[in-house]
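Any value given below was found using the heavy atoms of this structure, including those in side chains, with hydrogens, waters and symmetry copies removed. We name chains A, B, ... by the order of the sequence lines, and we start the count at 1 in each one.
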Amino acid sequence: MNFTDELVQWYLNNKRDLPWRNTTDPYVIWLSEIILQQTRVEQGMPYFYRFLEKYPNVSSFAAAHEDEILKLWQGLGYYSRGRNMLKTAQLVQELHSGRFPDSYDELIKLKGIGEYTAAAIASFAANEAKAVVDGNVYRVLARYLGIYEPINSTGGKKTFQKVADDFLNKKFPGLHNQAMMEFGAMLCKPKNPNCGICPIRAGCVAFKTNAVATLPVKLKTVKVRERFFNYFLITEGDTILMNKRGDKDIWANMFDLPMTETDTLLTVEELLKQPEISAVFGNSIKVIEVSPVHKHILTHQRLFVRLIKIEKQPLKMHQNWVKISVQNLHELALPKIIFILLKNIFNL
DNA sequence: ATCCGGGACT
DNA sequence: AGTCCCGGAT
């Protein structure tokens with residue numbers, strides 16, 4: 001047997017008996033699919049029953065008030081799903097006279113229905129040959145075929161959609177889609193998949209190469225840290241006070257200017273009240289000029305940088321500080337943003 | 001306490 | 001690319 005036949009066979013023997021299966025009513029399937037987005041079956045189940053009881057058809061749903069929908073949705077999270085459902089129900093009422101569409105091309109136009117949900121409803125309700133690609137499908141295909149392209153990259157999404165389309169059982173697309181997802185949810189799980197009893201492990205690249213735990217590959221969504229750099233421009237004659245950076249942080253061992261980092265954007269007045277600033281520059285700091293705040297993007301940091309020109313005070317020199325003439329600035333390794341800030345002032 | 005999984009919209 | 005949310009796993 002081939003891949004899809006094995007999976008369908010497995011599905012028929014192992015599927016859970018879920019209330020939204022064994023119906024071809026696109027409204028009921030829609031209800032279940034939206035509720036199950038980003039939601040586990042056990043958590044979504046009671047909501048599915050409540051919604052179906054209160055709104056047995058799309059017309060009753062369309063007549064609801066948004067407050068009612070959100071109240072009924074309470075606790076499920078991603079509340080835009082509920083708001084989009086109401087819009088879609090009203091749209092179906094107007095455009096399709098209350099008959100919920102079951103073709104991919106009509107479904108995809110509706111609010112809150114993307115590629116996955118359109119393919120799911122169209123294939124389950126009308127056996128349209130559209131392959132679903134959800135988290136389960138990504139995982140099953142990545143492992144079985146040994147695809148290392150990240151599933152959350154733009155190219156990866158294209159690749160996996162194409163592979164899923166190629167593998168789709170064109171005779172029984174609904175059954176095939178259900179089987180792929182149920183297999184991923186029940187057997188080919190993210191953690192501790194049951195490879196020991198897997199019917200397709202003989203053809204599974206990940207199983208054969210011991211890569212089940214590493215697939216699928218997902219790009220780390222590096223959470224971006226925000227930092228606020230307040231630089232001080234202090235000149236004396238044609239010299240400028242520069243700072244050689246340490247070797248731990250960004251721009252290791254390069255040159256910038258004396259600065260104070262804050263974790264919020266302070267006004268200049270607030271900034272100058274910071275004790276570590278008066279400790280160095282004294283209490284009567286005269287601000288001559290303040291640059292706009294420049295946003296500088298790094299891989300995992302967002303820097304908000306500004307340059308504050310102050311009148312020279314008798315100051316306590318830091319050991320990493322150096323006075324350098326403006327003519328010699330070009331000899332120092334300057335981070336891009338520092339170069340920009342200085343260039344604006346000195347026409348470097 | 002922190003991380004992870006999961007579709008669609010903007 | 002960032003944002004929306006929660007529950008289960010670690």
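By the 30° and 60° cut-offs, the orientation of the rings of A:Phe3 relative to A:Phe167 is perpendicular. Using the six-membered ring where Trp is involved, A:Phe51 and A:Tyr55 have ring planes that are tilted, between 30° and 60° apart.
Rounded to whole Å, atom C1' of B:dC9 lies 8 Å from atom CG of A:Asn84. Protein atom CG of A:Leu36 is 18 Å distant from nucleotide atom P of C:dC5, rounded to whole Å. A straight line from CD of A:Glu115 to C1' of B:dC9 spans 13 Å, rounded to a whole angstrom. For the pair A:Ile121 CD1 and B:dG7 C1', the computed distance is 13 Å after rounding to whole Å. As a whole-Å value, the separation of A:Arg81 CZ from B:dT10 C1' is 18 Å. With rounding to whole Å, A:Leu110 atom CG is found 16 Å from B:dG7 atom C1'. Spacing between atom CD of A:Glu33 and atom P of B:dG6 amounts to 14 Å, rounded to whole angstrom units. A:Asn152 has its CG atom 19 Å from the P atom of C:dC4, to the nearest Å.
Ion pair A:Asp166/A:Lys162 flagged as a salt bridge, since at least one NZ, NE, NH1 or NH2 atom sits closer than 4.0 Å to an Asp/Glu carboxylate oxygen.
Among the heavy atoms of the strands, none lies under 4.0 Å from A:Ile34. Residue contacts shown for A:Tyr78 include a base, since a base heavy atom lies under 4.0 Å away. Among the atoms of the strands shown, only primed sugar atoms or phosphate atoms (P, OP1, OP2) are found under 4.0 Å from some heavy atom of A:Arg139.
Comparing A:Lys191 and A:Leu76 by the nucleotide of DNA chain C that holds the closest heavy atom to each, the one mapping nearer the 5' end is A:Leu76.
If you check B:dT10, B:dG7, C:dT10 against the side chain of A:Lys111, the one that comes closest is B:dT10.
Distance check: A:Lys170 NZ to A:Lys130 NZ gives 11.0 Å after rounding to the nearest 0.5 Å.
Taking the six-membered ring for Trp, A:Trp73 and A:Tyr78 have ring centres at least 6.0 Å apart.
OP1 or OP2 of C:dC6 sits under 4.0 Å from a side-chain N or O of A:Tyr79.
Test A:Ile277, A:Leu241, A:Leu307, A:Asn243 against A:Phe232 for side chain to side chain contact (heavy atoms under 4.5 Å, CB included) and you get one pass: A:Ile277.
Contacts of A:Phe255 classified as ring-ring contact (aromatic ring centres under 6.0 Å, His included), with partners at least two apart in sequence or in another chain: none.
Near DNA chain C, meaning a heavy atom under 4.0 Å away, the residues from residues 38-55 of chain A are A:Arg40, A:Gln43.
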